[in-house]
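Just so it is clear, the model here is predicted, and its values are computed rather than measured.
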Amino acid sequence: MAKCQVFNFDRDLREVVEDGLYMQAVVGEALSVGVVNFRAAKGSDIPAKSHAHGEEATLQLRGGCTVNLGADVDAPEGAVELEEGVVMIMPADRYHSGINRFDDGGMCLRLNVVTPPRAEYGKSGEAKVYYPTGDKP
């Protein structure tokens with residue numbers, strides 16, 4: 001029997017980029033949930049990298065984000081603006097990248113739910129953190 005998994009989206013986040021990006025994720029059988037917390041100190045220096053995966057629901061919790069559509073980061077096909085409280089559904093296999101906007105506290109925080117689970121997050125019960133930064137494959 002599968003076990004219940006719990007995490008807190010504003011505590012115990014794992015550092016991905018020092019002073020720039022903190023994350024946590026859980027992976028189930030049919031979906032993955034990740035919290036992505038960019039900090040203004042170095043988060044604005046993280047280069048965008050276009051990526052695609054399963055269908056994604058994103059809730060922008062703090063700050064904002066421009067989600068650029070298409071595989072070419074430098075010449076997007078279009079864009080979607082996310083502000084606090086906005087939910088976006090990204091179709092499966094749609095390439096996208098983003099540019100963050102920080103709130104007055106220097107934070108850009110969002111919650112992403114992806115189905116099927118993102119392979120980069122590992123398997124059920126053994127989640128790891130990953131974010132497609134421009135300097136990683």
Side-chain angles (χ1 to χ4, degrees):
M1 176 183 284
K3 69 176 189 173
C4 179
Q5 300 179 64
V6 178
F7 78 92
N8 188 308
F9 70 85
D10 64 356
R11 290 194 313 244
D12 303 323
L13 300 180
R14 298 182 205 169
E15 186 176 78
V16 177
V17 175
E18 184 180 0
D19 293 328
L21 174 58
Y22 299 82
M23 291 185 66
Q24 189 61 274
V26 293
V27 178
E29 297 302 321
L31 59 82
S32 57
V33 178
V35 63
V36 184
N37 187 332
F38 287 92
R39 308 283 173 85
K42 293 189 182 172
S44 57
D45 297 335
I46 299 171
K49 181 174 182 179
S50 187
H51 58 286
H53 41 65
E55 185 175 45
E56 176 179 21
T58 297
L59 169 59
Q60 187 71 41
L61 297 167
R62 291 182 62 179
C65 179
T66 300
V67 179
N68 289 320
L69 305 173
D72 188 343
V73 173
D74 296 321
E77 300 164 9
V80 176
E81 298 297 329
L82 300 182
E83 301 301 333
E84 288 183 18
V86 172
V87 175
M88 173 192 70
I89 303 290
M90 179 65 66
D93 302 319
R94 180 73 158 110
Y95 276 90
H96 58 282
S97 59
I99 300 169
N100 297 308
R101 291 185 302 282
F102 301 93
D103 67 7
D104 291 341
M107 190 177 297
C108 177
L109 176 67
R110 63 185 158 269
L111 185 70
N112 299 323
V113 179
V114 178
T115 183
R118 285 191 70 169
E120 300 93 346
Y121 286 175
K123 59 183 182 176
S124 182
E126 300 176 14
K128 54 188 175 181
V129 295
Y130 165 82
Y131 195 83
T133 59
D135 60 347
K136 291 185 178 181

Engineer: Do side-chain atoms of Ser50 reach the backbone of Tyr95 as a donor and acceptor pair under 3.5 angstrom?
Structural biologist: no
Engineer: Distance from Asn100 atom CG to Leu109 atom CG, nearest 0.5 Å?
Structural biologist: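 Between Asn100 CG and Leu109 CG, I get 10.5 Å after rounding to 0.5 Å.
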Engineer: Taking Gln5 for the side chain and Val27 for the main chain, is one N or O donor matched with an acceptor at less than 3.5 Å?
Structural biologist: yes
Engineer: Is it the case that one hydrophobic cluster holds both Leu82 and Leu111, taking links as side-chain heavy atoms less than 4.5 Å apart, direct or via other members?
Structural biologist: no
Engineer: When clusters are formed by joining ILVMFWY residues with side-chain heavy atoms under 4.5 Å apart, either directly or through shared neighbours, do Val16 and Val36 land in the same one?
Structural biologist: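 Yes; Val36 is reachable from Val16 via cluster members.
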Engineer: Would you indicate whether the side-chain heavy atoms of Val35 and Gln24 approach each other to under 4.5 Å?
Structural biologist: yes
Engineer: Taking atom CG of Leu21 and atom CG of Asp45, what is their separation to the nearest 0.5 Å?
Structural biologist: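 Answer rounded to 0.5 Å: 12.5 Å.
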Engineer: With sequence neighbours left out, write down each residue that passes salt bridge (Lys or Arg N to Asp or Glu O under 4.0 Å) with Arg94, or none if nothing qualifies.
Structural biologist: Glu77
Engineer: Return all side-chain donor-acceptor pairs below 3.5 angstrom for residues 65-74, not counting sequence neighbours, or 'none' if the list is empty.
Structural biologist:
from	atom 1	to	atom 2	distance (Å)
Thr66	OG1	Glu81	OE1	2.8
Thr66	OG1	Glu81	OE2	3.2
Thr66	OG1	Arg101	NH1	2.7
Asp72	OD1	Asp74	N	3.0
Asp72	OD1	Ala75	N	3.3

Engineer: Does Asp104, at its CG atom, have more than 12 non-hydrogen atoms belonging to other residues, nucleotides or ligands within less than 6.0 Å?
Structural biologist: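 Open.
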Engineer: Following the transitive rule for hydrophobic clusters with a side-chain heavy-atom cut-off under 4.5 Å over Ile, Leu, Val, Met, Phe, Trp and Tyr, establish whether Val87 and Val33 coincide in one cluster.
Structural biologist: yes
Engineer: Can you list the steps and then say if Tyr22 with Met107 is a side-chain contact (heavy atoms from CB on, under 4.5 Å)?
Structural biologist: CA-CA 11 Å; Tyr22 299 82; Met107 190 177 297; over 6 Å; no
Engineer: Closest approach of Cys108 and Gly64, non-hydrogen atoms and distance?
Structural biologist: SG-O, 3.2 Å
Engineer: Kindly indicate, with the supporting measurements, whether the criterion side-chain contact (heavy atoms from CB on, under 4.5 Å) is fulfilled by Lys49 and His51.
Structural biologist: CA-CA 6 Å; Lys49 181 174 182 179; His51 58 286; 5.7 Å; no
Engineer: On a heavy-atom basis, which atom in Ala25 and which in Ala127 lie closest, and how many Å separate them?
Structural biologist: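 Nearest pair, atom of Ala25 first, then Ala127: O-CB, 3.3 Å.
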Engineer: Is Phe102 atom CZ crowded by more than 12 heavy atoms from other residues, nucleotides or ligands, each under 6.0 Å away?
Structural biologist: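 Yes.
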Engineer: More than 12 non-hydrogen atoms from neighbouring residues, nucleotides or ligands closer than 6.0 Å to CD on Glu83, yes or no?
Structural biologist: yes
Engineer: Assess whether side-chain contact (heavy atoms from CB on, under 4.5 Å) is satisfied between Met88 and Thr58, documenting all intermediate values.
Structural biologist: CA-CA 5 Å; Met88 173 192 70; Thr58 297; 3.9 Å; yes
Engineer: Find the distance between CD (Glu55) and CE (Met90) and round it off to the nearest 0.5 Å.
Structural biologist: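 Going from the CD atom of Glu55 to the CE atom of Met90 covers 10.5 Å.
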Engineer: Okay, side chain of Glu84, backbone of Val86: is any donor-acceptor separation there less than 3.5 Å?
Structural biologist: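 Between the backbone of Val86 and the side chain of Glu84 there is no qualifying donor-acceptor contact (under 3.5 Å).
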Engineer: If I compare all heavy atoms of Gly28 with all of Pro117, which pair ends up nearest, and what's the gap?
Structural biologist: O-CG, 3.6 Å
Engineer: To the closest 0.5 Å, what do you measure between OG1 (Thr115) and CD (Glu56)?
Structural biologist: 11.5 Å
Engineer: Is the closest side-chain heavy-atom distance between Arg110 and Gln60 below 4.5 Å?
Structural biologist: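 Yes. Closest side-chain heavy atoms under 4.5 Å.
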Engineer: If hydrophobic clusters are built from ILVMFWY residues whose side chains come within less than 4.5 Å, do Ile46 and Ile99 share one?
Structural biologist: no
Engineer: Restricting to non-hydrogen atoms, name the atom on Cys4 and the atom on Val6 that form the minimum distance, rounded to 0.1 Å.
Structural biologist: SG-CG2, 4.1 Å
Engineer: Do Val114 and Leu13 sit in the same hydrophobic cluster, where Ile, Leu, Val, Met, Phe, Trp and Tyr count as joined when their side-chain heavy atoms come under 4.5 Å apart?
Structural biologist: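 Different clusters.
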Engineer: Can you tell me how far the CG atom of Asn37 sits from the CZ atom of Arg62, to the nearest 0.5 Å?
Structural biologist: 7.5 Å
